[in-house]
Amino acid sequence: MKCLYLFSCILFFQSCSLTRSRLGEALQQSGKNREELERVLQYFSQKETDSLHLKAAQFLITHMPGHYSWQSEELEQYSQTMDSIHPNMPSTVKKVVYSIPWHNDNIVTGDKKKIEDIKVIKADFLIAHINRSIKMWQQTPWLVTCSFEDFCEYLLPYRLGDEPLILEEDTNQQHIRENIIREMSMYGYTPRLLEEVRLFFRAEVEKSESKYFPRLNTGNFEGGEHTMDCLDMCYYDVLGMRSAGVPSTIDFVPNWPTRNGRHYWRVIHDPVFKDENFCEPLNQLAGKVYRMTYSHQPMPVPDGVDSIPSLFQNPFLKDVTAKYMNVSDIEINVKRKLDNLLPKYLYLAVFNDLEWKPIAWSKYENGKGLFRYVGRNVVYLPVCYQGGGMKGVGHPFYVDRNGSVEEFVPDHTRRISVTLHRKYPLTYSKIYWGKSLEGCVLEASNHADFTETDTLSQINGVNAELNWCSLPVNDIKKYRYWRISKAGRPITLAELQFVLPNGDIIQGTPMFSGKGGYSDKAFDNNPLTYQNYLGWVGVDLGKPVALKEARYLPRTDYNGIIPGHLYRLLYFDETGWVEVDTKEALGQDITFHHVPSKALYWLQNLTEGKEERIFTVENDEIVFH
């Protein structure tokens, strides 16, 4: 009792001195829950042998502000539905499954309330969690080289991101770790890499938990099934690995700078590797890569005037770009007047999903902003926020592979003509869609089994835009049965048409070789569907007919220039996007005249589609970015 009184006095005076410290600030933010958190500190302060436990408690409480869960009637109903469908979910699986609506804004449409950890976490939960975690760290053989600092960041946290709190102990994960240790001991096996431990872990859980991943039965909710995306799978991997003793986290690209979307991947924190990372290779260009942490990281501080982009409202993102790629430090000098605007922060934005999205931030001081560790081979736009809106503060620029910077400033004194065949760049896989048709032949017969055929044309290559191609028929003979054939190889087609001499398309009954699967996707008038046909695919025209040509469309992203579609060309100046012209495409290319040179451009299809990329013109060639 005397010791307890002494500790209470010490804690009282310590709390006074910690008022301005981060731990003290956290305790102040806990409100009515402060007594619970102080009880944790008190519990681990009574024995010298608990010094690491106390440091772990201080770490968790210090960085607890900002961690939260969501609460709403819809979320509660969803959780109950999942429990009824999947009554035996381990807590690791529950955390992922319960998080699905949080990562899909269109699922939860009603009001939701933020529940801050610092105000609800109870002492008993935190004490038990710290005891289990320290025991795991100290008694797991492959963690002997894991430092206390790495333990705190990659093993100790009771949550990974914004998943819901599951307060009951998951004994299943403890058993899995014990089974792994037992199996390794039985074989006298000492893992050299933590990735090897992960493989043991996956072997232990894949049978019992595979029914949840990658597709989850959701009953009547969200169409009856949810396909786990990369973020869902990362949560599942990392939450499971941490509980099994594998230090890990999630790294991600917030917005790709050369295509739409973003990407997440798991990282194992293994000191064997450079930068202590074992992770998926990052083979795409990126402007920034961030890591999810439990501890607070530097972030913009709201000034009550200008908004902060949602990405940077998260205090738990660590910049790890330099761990993945060559980077540069970029200084932005704001030369233009900002309408009496004096922003506190500048941002670098990349073009993603048809808009500029900020991916990096810097303080704005003396008319400048310094951006550290910026990825190369990427186009950026410097921006700031005025009230709630984004505002450009300069011209877009390109950081090349050597770190040199090229600014795109429109030259109105030298006008050029720009001819385009596509609005979105090709990739190797897309080019191969077209190459797979090389060697196909156009054959015709008056026998349904094609026992006697005439070869009328051959595909030697498709156009680079993956657009419609023609196989001319230089024969006036009439045939009933027509087909595209390639012996021993699949024929990947999106569309197949047969054209009469007057230019009309003639309809027939689809035919195929009878090998492999079949569908009529080559005849469904949808360019974005396709089918792999084995051997051949064709039509029965019902009677012998002479044709002018066969027209075919390979598997395609349909981002070439489409005749009849309406297109608009824009260029970017210091005020934003400016229209050059809007016109209808008459063929499979389109030309715009009197275009300012040396600018950054954007071709929009106003008829349909959502894949469009910015580009430059270099030596009369279109270069997409």
Side-chain angles (χ1 to χ4, degrees), residues 255 257-258 260 287 306 309 330-343 345-362 364 367-369 371 374 377-400 404-420 422-425 566-583 590-606 611-625:
N255 290 290
T258 57
N260 297 338
D306 299 327
I330 303 297
E331 186 175 76
I332 300 297
N333 291 289
V334 180
K335 301 175 183 178
R336 55 175 294 201
K337 291 184 179 180
L338 298 179
D339 302 326
N340 298 319
L341 173 67
L342 188 63
Y345 301 101
L346 297 182
Y347 304 89
L348 289 184
V350 296
F351 192 78
N352 181 290
D353 199 20
L354 309 184
E355 62 180 322
W356 293 104
K357 295 183 178 180
I359 62 165
W361 68 277
S362 168
Y364 178 62
K368 300 178 180 180
F371 294 89
V374 173
N377 294 320
V378 172
V379 170
Y380 299 96
L381 177 69
V383 300
C384 68
Y385 278 76
Q386 185 173 20
M390 188 171 70
K391 184 182 183 70
V393 297
H395 291 99
F397 62 90
Y398 176 64
V399 182
D400 71 14
S404 299
V405 176
E406 177 186 2
E407 194 173 26
F408 300 120
V409 181
D411 185 348
H412 295 272
T413 65
R414 182 176 175 271
R415 301 272 177 160
I416 60 175
S417 295
V418 177
T419 299
L420 295 115
R422 286 181 61 84
K423 63 183 178 66
Y424 200 81
L566 195 64
Y567 291 88
R568 176 166 60 200
L569 181 65
L570 307 170
Y571 70 91
F572 200 95
D573 74 1
E574 62 179 4
T575 62
W577 292 108
V578 178
E579 180 179 346
V580 174
D581 194 8
T582 298
K583 59 173 60 178
I590 191 167
T591 300
F592 294 87
H593 302 287
H594 308 295
V595 181
S597 61
K598 298 182 180 181
L600 183 70
Y601 309 98
W602 176 13
L603 181 67
Q604 297 177 325
N605 183 334
L606 302 181
E611 288 188 329
E612 299 166 359
R613 285 304 310 170
I614 52 178
F615 65 92
T616 53
V617 180
E618 301 175 18
N619 299 320
D620 296 325
E621 296 290 332
I622 303 299
V623 179
F624 285 102
H625 297 277

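As the structure is a computational prediction, the values presented were derived from the model and not from experiment. No hydrogens, no waters, no symmetry mates; every other heavy atom, side chains included, goes into these values.
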Could you pull out the closest heavy-atom pair between Trp356 and Ile614, with the gap in Å? CH2-CD1, 4.2 Å
Considering residues at least two apart in sequence or located in another chain, which fulfil the side-chain contact (heavy atoms from CB on, under 4.5 Å) criterion with Asn605? Lys423, His565, Tyr567, Thr607, Glu612
For Tyr571 and His412, which heavy atoms make the closest approach, and how far apart are they? OH-CE1, 3.1 Å
Taking side chain to side chain donor-acceptor pair (under 3.5 Å) as the test, write out the residues that go with Thr616, two or more places apart. Glu618, His625
Rounded to the nearest 0.5 Å, how far does CZ of Phe408 lie from OH of Tyr398? 8.0 Å
Please step through side-chain contact (heavy atoms from CB on, under 4.5 Å) for the pair Val399 and Val378, ending with a clear verdict. CA-CA 6 Å; Val399 182; Val378 172; 5.8 Å; no
Using the test side-chain contact (heavy atoms from CB on, under 4.5 Å), find all partners of Val409 that sit at least two apart in sequence or belong to another chain. His395, Glu407
Within the structure provided, determine whether Val595 and Tyr601 are in side-chain contact (heavy-atom separation under 4.5 Å). yes
Applying side chain to side chain donor-acceptor pair (under 3.5 Å), can you list everything that pairs with Asp411, at least two apart in sequence or on another chain? Thr413
Can you tell me how far the CZ atom of Arg568 sits from the CD1 atom of Ile590, to the nearest 0.5 Å? 12.5 Å
Report the relative orientation of the aromatic rings in Phe397 and Tyr380; use parallel for angles under 30°, tilted for 30 to 60°, perpendicular for over 60°. tilted
Counting N and O atoms only, with roles assigned by atom type, does the side chain of Asp306 sit under 3.5 Å from a partner on the main chain of Gly387, one being a donor and the other an acceptor? yes
Using side chain to side chain donor-acceptor pair (under 3.5 Å) as the criterion, list what pairs up with Trp361, not counting sequence neighbours. none
Determine the minimum heavy-atom distance between Ile332 and Pro382, stating which atoms define it. CG2-CB, 4.0 Å
Does the Ser597 side chain pair with the main chain of Arg414, one donor and one acceptor, at a distance under 3.5 Å? yes
Check the surroundings of atom NZ in Lys583: do more than 12 heavy atoms from other residues, nucleotides or ligands lie under 6.0 Å from it? yes
I need the single residue from Tyr364, Tyr345, Tyr347 that forms a ring pair (Phe, Tyr, Trp, His ring centres under 6.0 Å) with Tyr385. Which is it? Tyr347
Residues that Glu579 engages under side chain to side chain donor-acceptor pair (under 3.5 Å), provided they are two or more places apart: Thr582
Let me confirm one number: the NE2-OG1 distance from His593 to Thr419, rounded to the nearest 0.5 Å. 7.0 Å
Quick one: are Asp400 and Glu406 in side-chain contact, heavy atoms under 4.5 Å? no
Minimal non-hydrogen separation, Val383 against Val393, with atom names: N-CG2, 3.8 Å
Taken to the nearest 0.5 Å, the spacing of Phe615 CZ from Ile622 CD1 works out to 5.0 Å
Shortest non-hydrogen pair, Pro396 vs Leu381, comes out as N-CD1, 3.8 Å
For the pair Asp581 and Leu569, evaluate side-chain contact (heavy atoms from CB on, under 4.5 Å) and give the outcome as yes or no after the intermediate values. CA-CA 6 Å; Asp581 194 8; Leu569 181 65; 5.8 Å; no
Distance col, row Ile359:CD1 vs Asn352:CG, nearest 0.5 angstrom, shows 9.5 Å
Residues Phe572 and Gly394: closest non-hydrogen pair is CE2-O, 4.4 Å
Run the numbers on Phe592 and Leu603 for side-chain contact (heavy atoms from CB on, under 4.5 Å), then give the verdict. CA-CA 10 Å; Phe592 294 87; Leu603 181 67; 3.7 Å; yes
Rounded to the nearest 0.5 Å, the CD1 atom of Ile330 sits from the CZ atom of Phe371 at a distance of 10.0 Å
